[in-house]
Every structure is written in structure tokens, then in C-alpha cells.
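To keep things clear, I will list the structure first and then write my remarks on it.
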Amino acid sequence: MPQPIKKRKRGEVTGSRKDQDYKDTIQRIKVLESGLGDKSNLNNLVEIFEIAQGSHGGLTSAAIHALHRVYTTLLLKGELRRLKKEESAKATVSNWLRDNYNSYIKFLCELLRHEEPGLQKPALNILITLLKSESEFQTSLRKKHAFANDFYVRVVDAVLRNPNFSQPLQAELLGKYLNVYDDLRYYFFKNTSDIITSALESKDSSEADTPKKKKAKNMSNEKLNMLMQNTFSILEGIRTMPTAGAEIDEFWTGHPDPEYAAKAKEDPDAFADSSDEEEEVTKEVAGKKGPRKHMLVRLSVHKKALQTCWLAFMKMPLTNDLYKKTLLIMHKRIIPHMTDPRLLMDFLTDSYNAGGATALLALNSLFTLIVDYNLDYPEFYHKLYRLLDANVLHLKYRSRFFRLLDLFLSSSHLPASLIAAFIKRMARLSLTAPPAGSVILIAMIYNLLKRHPSCMALIHRDEAADAETDVFDESNPDPYTCNALNSSLWELQTLAEHYYPNVATLAKIFTEQFTKPSYNLEDFLDHTYGTFLDKELTRKRKKDPALAFEKPTELFPSLVKVGATDEDDETANDDLEDPSAVKWSLWAF
């Protein structure tokens, strides 16, 4: 039954009336904007701004775009400059316009925190476009390139402290600006490091014991966590760091050195100075070659900005999740673009000493510093040996760990005692590992024996047959003194009887001659119970397996008279009764 039609209350606005009001307001905005061609109608700015502050998203969008067009025209004409002579009428009007312009910029920054992404994106685009106009005006005044960073830092601060930092806003900022324009990316790094440093200093100064100040401290911690999350989500998304000076050629506010750009375009090879050594020119040499390049076209300047920003971020009290994510991308997206990666030594060594998944994720970056930047870390292989335990076989980053372990043990200059210790540790772990872990360990042991023939004695020695007779000290954390080289790989013989046929077949490779090539470890790293099950279910069988032709009545058979037959006398000896029959009878169904 349809609901009765309710009488419309007095003053209630229908849908068609709302649409008409919306169209009228849009038309009103256009009239007000067109009237601003006459300076006697400057108060129209206030009325348009009031419409922008309303609750209707469509009207807000139309109003901020109208104000953007008006303020851009006034800005390029120089009519938004704050004049010192306030007694003159021109100064009064100019300062009034400047105040209204600042209120408009503040409102746009507040729109970046709006819950609706449909208002966040246009607010960001308008702010970045106004940044371009501000920079062009300052360039015309100074007669040389200028970047309006005082304006840009307000935008960066509003983005980083945004409680509603949405994915569309992040994609717009990265895809349209930071991953495209070198000057926007450079000043973003610079401003972000300053904002983080200021936030950390204010947090330290707010330490107090009074209840009121403790509440303020908790609020500051929430804001700091929000700042950390937003900063990382943007830094992680920056993927276009230049690797050579010739790649620095996109500028939102115009090329800072047009003459250099023209010469580089004519002869790219002459200006492709990708190394930091060539950019760090002494004053005497720079005087002979002419004026020095602008800082925005120097690769070392961009690298240093990224380095300063990431180092400031790492000083924050990172959550466990952010800590791991930072370590995960460090060796590819941070270290190659730093001027001095050795500044990460303390951060990485502390992470490595922490153990667990954190130490595992720090491995790659730490090894990069050891190999490429001469980091002296004598305990590296000792800590690596301790990381190789049963827990690593169940971690999310298991394949990453074994891929790195294979790399770290690839050198032929490593001592035989060290390699033997790792082989024995892996063999012992394979006894209790899941099948997916066992196949990795067997393949790695085979590759290590092929790579280090001095350890072949482990498979030829037969003194040890089990853990009790084995001279290998599994509890010793020192790989050099655990006596692994004097032991044997009896564990591999045990694995040849593994319940899973694939593991047993793979383990039997050690009973044959070592003529087969080394295994490709990538073929074993991604196995799981799921992949094994899929493989078994999709395998083509040559013949059907044998099945029982009678339905069983018990899960386990119970023997009342062990060895008794029908011809036996009923008075058979009671000692023949199976003592387990009582237990098995519980499983009858």
C-alpha cells in the first residue's frame, strides 16, 4: 500500500527550487566576477568569498575558480603588493586586497583538509597555479629567476598536516607535480625537512607533567603521527629522482638559467655532468669557466635535499609499520640518490641489531654500505648467522631473506668454517621446516657445496649419524667456533625419508655425483602449502590409486586376540590380548 502524501511544510524547498537557486547563484558569481573589471566594485570579492565559504560543494568550486581568475590578474599587475605608505589611498586599497588575498589562500589550504576529494583537488591545482603566478611576478621584479617558496611552504604544510589526506589528492600531487617538475620536488624536500624539524622541536619543548599539558602533549603526538603517515606516503611515491644533470630539465616556474638551457640543448654531451665530483668545482676553476650554474640545475643539490628530508623523517618516532616500510625501499629509492649514504650507518646498524623482521629488512641496505661505501662492520656475518633460525622460515619476507643470504655467501673468499656453519645450520633447520622451507634449504646447501668445494667433506664424513653423536654445537652463536667443519650432513639422509615425496626426491641429489649444475634459487622461493596442493591436484596420474573395496567401520583396527584364528580354542591365553585395543575402540564409528 503506498504511503500517504505528506503535506509540504511552509518554507520547505523542493528539488526544482534548489536547482533554480543553484543556477541563480552561479549566474550571480559570473556577474560579480565581470563587475570586477571596474575597481569601484572591488567589494564583489567579499561577496564571492562568502559564497565560497558556504556548504554547497558546487558553489564553493565555482567561487574559488572565479576568485582565482581575478586574483591572478591582480597579482600579475602588481596590485597585490603590500605598500609601506599606508596613508595614501592606493596603499590602503593595495593592502586591503592583499589581506583578502591572504584570506583566500588560507581558505584554499583549509579546503585541502576537506572531507570531499572533489574539493581537495581543485584547491591544490589553484594553489600550485598561484605559486607559478607569484614566482613569475617576483622574477619580473628581481630581473632574475625567483621561486615563491614563502607561498609554497604554506601549501606543503597544509598537505603534510592534513587529517583527511585522501588517495585522489595524493595521486594528483605526485602524478601531476612532484614526479614531473624538478623545482617543485626540490622545494618539497626542503620544506618538508624544515616542517619535520620544527615539529620535533615543538614536541620536545611540550614535555610537562600537569594534566592540561599532558592532554596537549597527547594531541601533539596524534598530529605527529599524522605528519609521519602523510610524509611517508608522499616520499614513497616520488619515483623520478634525476640520476644525471641532463635529466634536470622540467621546471614549473620556468628554467632558472635560460642561457644554460639553450647551450645544453645545442650540445647535450658538453653539459651532461652526472657526477658529484664534477659539480663540486673549486672557486678558482669556476672563475676560469665563467659563472657557476644555478643551484636548481645541479644534481648534487637535488640529492642533498632528498638526503636531508629522509634523514629528518628517520629522526621521528616511527611506528613499527613505517619503520619496516622505510627499510624495504631504502636500498633502491634512498641510498642511490644520497650524496653521502654513510650517514645511514647508525640507523641501519641499530635496525640490524634489533633482530627479527627489522634486521632482515635492514640486510640489503647494510650490505650495500659495506660493499660500496666501505662500512666496517665485522659482526655482520655473526648477526646473519643468528638471524638464520626457525622463525625466518615462517616470516612474510622469507624469500627476500634467502635471496640476500645467497648473495652474501656467494664470495669464494669467505672462510670454509663460516660456510660450513651456515650449511649445518640450514641442514638442521630443514628437519623441522615446512616442505616449502625444506626445498629452499636443500637447494641452497647444494649450491653452497658446489661453490665451496672445501666443504665437500661434510657429505663424505660418516662419523655422526644423529644429533647425539654430532660434534656440531647448534647452540653456539659464533659460526667460527661451532665446530661445523668437523661434522657431517646426516640430516640430508634423514630428509631422503621425508613424508613429502618432492622433498625426499630433492634430498637424494646428494647421493649422486655432483655433476649437475647449481639450482636456480628463484624456482624454490615462492613455494607454499597452497602451491604444493595445487600441483598435486592438477597432476596427471598414470593410473588410479588403489582403494579399499569395503567400507571401514573403525578409524584404527582393534585386535582383540593378536594372532588368533577361528580354529583357536575359546580358552586361549588372555596374555595375547592387545593392550591398545581399549584405546582403539574409542575410535569406532
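Atom-to-atom distance recorded for Leu361:CG and Leu395:CG is 9.0 Å, nearest 0.5 angstrom. Met345 contributes atom CE, which lies 10.5 Å from atom OH of Tyr373 (distance to the nearest 0.5 angstrom). For the atom pair OH (Tyr181) and OG1 (Thr253), the distance works out to 10.5 Å, reported to the nearest 0.5 Å. Interatomic distance, CG of Leu32 versus CD1 of Ile48, reported as 5.0 Å (0.5 Å rounding). To the nearest 0.5 Å, atoms CZ (Arg81) and CG (Leu141) are separated by 5.0 Å.
Atom CG of Asp150 has 12 or fewer heavy atoms from other residues, nucleotides or ligands within 6.0 Å.
For the pair Ile234 and Phe188, the minimum side-chain heavy-atom distance is below 4.5 Å. With contacts defined as side-chain heavy-atom distances shorter than 4.5 Å, the pair Tyr187/Leu296 qualifies. Contact of the Leu45 side chain with the Tyr71 side chain is registered, since non-hydrogen atoms from C-beta on lie closer than 4.5 Å. The closest side-chain heavy-atom distance from Arg398 to His394 is not below 4.5 Å. Counting heavy atoms from C-beta outward, Leu363 and Phe408 have side chains that approach closer than 4.5 Å. The shortest distance between side-chain heavy atoms of Arg185 and Thr240 falls below 4.5 Å. Within the 4.5 Å cutoff, the side chain of Phe147 has no heavy atoms near those of the Gln138 side chain. Using a 4.5 Å cut-off on side-chain heavy atoms (C-beta onward), Thr243 and His337 make contact.
For the side chain to side chain donor-acceptor pair (under 3.5 Å) condition, the pairs that include at least one residue of residues 45-66, sequence neighbours left out, are Arg28-Glu47. Annotation: ring pair (Phe, Tyr, Trp, His ring centres under 6.0 Å) contacts involving residues 342-361, sequence neighbours excluded, comprise Tyr323-Phe347, Tyr352-Tyr377, Tyr352-Phe380. For residues 110-121, the set of pairs meeting the side chain to side chain donor-acceptor pair (under 3.5 Å) definition, not counting sequence neighbours, comprises Gln120-Ser166. Sorted by first then second residue, the salt bridge (charged side-chain N to carboxylate O under 4.0 Å, His left out) pairs that include residues 156-169, not counting sequence neighbours, are Asp157-Arg161.
Salt bridge present: Glu33 and Arg69 bring a charged side-chain N and a carboxylate O closer than 4.0 Å. Using a 4.0 Å cut-off between charged nitrogen and carboxylate oxygen, Glu379 and Lys383 do not count as a salt-bridge pair.
The one candidate from Lys303, His302, Gln307, Lys304 that meets the side chain to side chain donor-acceptor pair (under 3.5 Å) condition with Thr339 is Gln307.
In this structure a side-chain-to-backbone donor-acceptor pair under 3.5 Å is missing from Asn364 to Leu404.
Residues passing the side chain to side chain donor-acceptor pair (under 3.5 Å) test with Tyr22: none are found, sequence neighbours excluded. Applying the side chain to side chain donor-acceptor pair (under 3.5 Å) test to Asn44 and every residue at least two apart in sequence or in another chain returns nothing.
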Thr319/Asp321 under side chain to side chain donor-acceptor pair (under 3.5 Å): CA gap, chis, key distance, verdict
CA-CA 5 Å; Thr319 62; Asp321 184 48; 5.4 Å; no

